[in-house]
Undergrad: 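Before I ask anything, here is the structure I am working with.
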2 protein chains.
Amino acid sequence: MRQPEARTTKVLVVDDEPNICALLSATLRLINFEVRVANGGHEALTAATEFEPDLVVLDVMLPDLDGFQVAQRLRAGNRPVPVLFLTARDAVEDRISGLTVGADDYVTKPFSLEEVVLRIRAILRRSRGDSDEAEDNGLLRYADLELNEDAHEVRRGGKLVELSPTEFNLLRYLLVNAGRVVSKAQILDRVWSYDFGGDGRIVESYVYYLRKKIDRWEPPLIHTVRGVGYALRLPRGAEE
Amino acid sequence: MRQPEARTTKVLVVDDEPNICALLSATLRLINFEVRVANGGHEALTAATEFEPDLVVLDVMLPDLDGFQVAQRLRAGNRPVPVLFLTARDAVEDRISGLTVGADDYVTKPFSLEEVVLRIRAILRRSRGDSDEAEDNGLLRYADLELNEDAHEVRRGGKLVELSPTEFNLLRYLLVNAGRVVSKAQILDRVWSYDFGGDGRIVESYVYYLRKKIDRWEPPLIHTVRGVGYALRLPRGAEE
DNA sequence: AGAAAACTGAAGAAAACCTTAAGTTCCCAG
DNA sequence: CTGGGAACTTAAGGTTTTCTTCAGTTTTCT
């Protein structure tokens, strides 16, 4: 159907905080990206020329060289590399707009891993020119449940359901892992930002909200696996 | 029905400011143009003969060679290439209008990306002689909302509505992306000029104005997707 | 039955958004 | 050149929605 990629996608992660680098590189390696890490602006530039990444994840706040300047020099090179900026919520959110050009995008710190992975996938899709393929541009489906990424719409049996941002993110995560049980810890790690201090009980609350909104009338899709986590799946006829 | 284009459209971008070049080339590549960049007048001329662009985006203020002279020599060649001039707002508006002949056009700096892309599309349409195709001659429609590019008119349910330039541009952007959620940052990037320093709150104001003018009495089309952005779409259920 | 886990509902806090108003800039008419 | 108006921008208070916590209740398992 779709021809296998000739080589793995290469991502350069640039951040001065080692924790962030570790978090991102581990996550990205897990989904089969080839990852290289740089802790500063100059290091990033040299790494970029040698490594030739397909995408750069770039913190705006760097000790030696402003992230924007790094991006500028990256773009000055022969082949323009798309950039995903990481930025503090309060600080530079304003100045970001205008500097994300073309396929670029940004996420604010603290981010959730789902958010980052999602944005990365979107950027790569765009920069490859897979422009208008209706097939895989953000439409997730399971049974009669449908989540449209672009329209940010969710339907159950064709009926539109309004979800809050967090509800939406949680449902998307469940959909991506449809048929698989995900633990509350996993959900917290992926859907909530990395600095979230609370415990897993908040997941219970949001599962509750989701159920009320999308799992009320029809055969239930969200199932509790006691002591383990939650799973999105069709009810099985025979169960032990 | 519509045969695929034999080859991509080639655009030569000429400007001495690297940021502008990067901004334009990234944007144009994103919509599947083949882009070549030149930073000066002479460079532009040599690039033009070799690259054979279908269109040239040409800054008037160049260090080595006046943009008009570049255009002149370009036209002297065998095949006349349409030109989109970039010019400072205060500069010589008179001379521009005299020198943009044929399919040519111009935009003033600082421009918005929507404006540039729009003009480029218009030029290409004209220079190809796609004269009377009712399909894409600047008529956008969604539900009972109608935006006429050429006449610069907007109608809701047949009723004419007066919009200010910015309101018009914003509505056009929403219409082009009908059914999809666009974030305030995206809107700022595309609808406002690249040097705009403000933040996303101005978008809120303009959405408010738009709603008062086109979304007051009928089934609402402009929807807020909290935490994400705005979308132009029909209220619910009905999908085509 | 008792304990552990999960569910439910409510409420305060925080964030996002809406609305109005006032200040600024720019252009045109007088 | 100057006054007025339209359009743009910024500011700020009010409103709504969402996030988060928590405690009481129910379910499930041993």
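Sequence lines set the chain letters: A, B, ... in the order given, protein chains first and strands last, and positions in each chain run from 1. Since we're looking at a predicted model, the values are computed, not measured.
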Undergrad: Determine whether B/Thr27 and B/Val116 satisfy the following criterion, side chain to side chain contact (heavy atoms under 4.5 Å, CB included), listing intermediate values before the conclusion.
TA: CA-CA 10 Å; B/Thr27 303; B/Val116 170; over 6 Å; no

Undergrad: I want to confirm an ordering. Mapping A/Val225 and A/Tyr209 to their closest nucleotides on DNA chain C, which one lands closer to the 5' end?
TA: A/Val225

Undergrad: Within this structure, what is the CD1-to-P distance between A/Ile222 and C/dC7, rounded to whole angstrom?
TA: 10 Å

Undergrad: Mark yes or no for a side-chain to base donor-acceptor pair under 3.5 Å between A/Arg226 and C/dA5, with no hydrogen or angle criteria applied.
TA: yes

Undergrad: Going by heavy atoms in the side chains, are B/Ile222 and B/Ile214 under 4.5 Å from each other?
TA: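 The answer is yes, as the side chains (C-beta and beyond) meet within the 4.5 Å cut-off.
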
Undergrad: Starting at CD1 of B/Ile187 and ending at C1' of C/dC17, how long is that distance when rounded to a whole Å?
TA: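 The distance from CD1 of B/Ile187 to C1' of C/dC17 comes to 13 Å, rounded to the nearest Å.
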
Undergrad: Using the rule side-chain contact (heavy atoms from CB on, under 4.5 Å), only one of B/Val154, B/Leu147, B/Leu170 pairs with B/Leu175; which is it?
TA: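 Exactly one option meets the side-chain contact (heavy atoms from CB on, under 4.5 Å) with B/Leu175, and it is B/Leu147.
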
Undergrad: Starting at atom CZ of B/Arg201, determine the distance to atom P of C/dA15, rounded to an integer number of angstrom.
TA: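 So the two atoms are 15 Å apart, to the nearest Å.
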
Undergrad: Quick check against the 3.5 Å criterion: does A/Asp215 have a side-chain atom that pairs as donor or acceptor with the backbone of A/Leu221?
TA: yes

Undergrad: Would you say a side-chain N or O of A/Thr224 is under 4.0 Å from OP1 or OP2 of C/dA5?
TA: no

Undergrad: Should B/Arg121 and B/Glu149 count as an ion pair when the cut-off is N to O under 4.0 Å?
TA: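 So B/Arg121 does not pair with B/Glu149 through a salt bridge.
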
Undergrad: From NZ of B/Lys212 over to P of C/dT19, roughly how many Å is that when rounded to an integer?
TA: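 About 9 Å, once rounded to whole Å.
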
Undergrad: Checking A/Asp59 against A/Lys109 for the salt bridge (Lys or Arg N to Asp or Glu O under 4.0 Å) test, could you report, in this order, the C-alpha distance in whole Å, the side-chain angles of both residues, the deciding distance, and whether it holds?
TA: CA-CA 9 Å; A/Asp59 188 21; A/Lys109 282 182 176 182; 3.4 Å; yes

Undergrad: Mind checking who D/dT30 pairs with, Watson-Crick or G-U wobble, both distances under 3.5 Å?
TA: C/dA1

Undergrad: Is the distance from OP1 or OP2 of C/dC17 to the nearest side-chain N or O of B/Lys184 less than 4.0 Å?
TA: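 Looking at the OP1 and OP2 atoms of C/dC17, one of them is under 4.0 Å from a side-chain N or O of B/Lys184.
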
Undergrad: Mind calculating the distance between OH (A/Tyr208) and P (C/dG9) to the nearest angstrom?
TA: 3 Å

Undergrad: Mapping B/Pro165 and A/Ser164 to their closest nucleotides on DNA chain D, which lands nearer the 5' end?
TA: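 Looking at DNA chain D, the more 5' nearest nucleotide goes with B/Pro165.
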
Undergrad: Could you check whether B/Asp199 pairs with B/Lys184 (Lys NZ or Arg NE/NH1/NH2 to Asp/Glu carboxylate O, under 4.0 Å)?
TA: no

Undergrad: Nearest-nucleotide wise, let me know which of A/Thr166 and A/Glu204 is further upstream toward the 5' end of DNA chain D.
TA: A/Thr166

Undergrad: With a strict under 4.0 Å distance from non-hydrogen atoms of chain B, what nucleotide opens and what nucleotide closes the contacted stretch of DNA chain D, reading 5' to 3'?
TA: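 The contacted stretch runs from D/dA7 to D/dT18.
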
Undergrad: Would you kindly give the CD1-to-P distance between A/Ile202 and C/dT8, to the nearest whole Å?
TA: 17 Å

Undergrad: Would you say B/Tyr206 places a side-chain N or O within less than 4.0 Å of OP1 or OP2 belonging to C/dC17?
TA: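 No, B/Tyr206 has no side-chain N/O under 4.0 Å of OP1/OP2 on C/dC17.
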
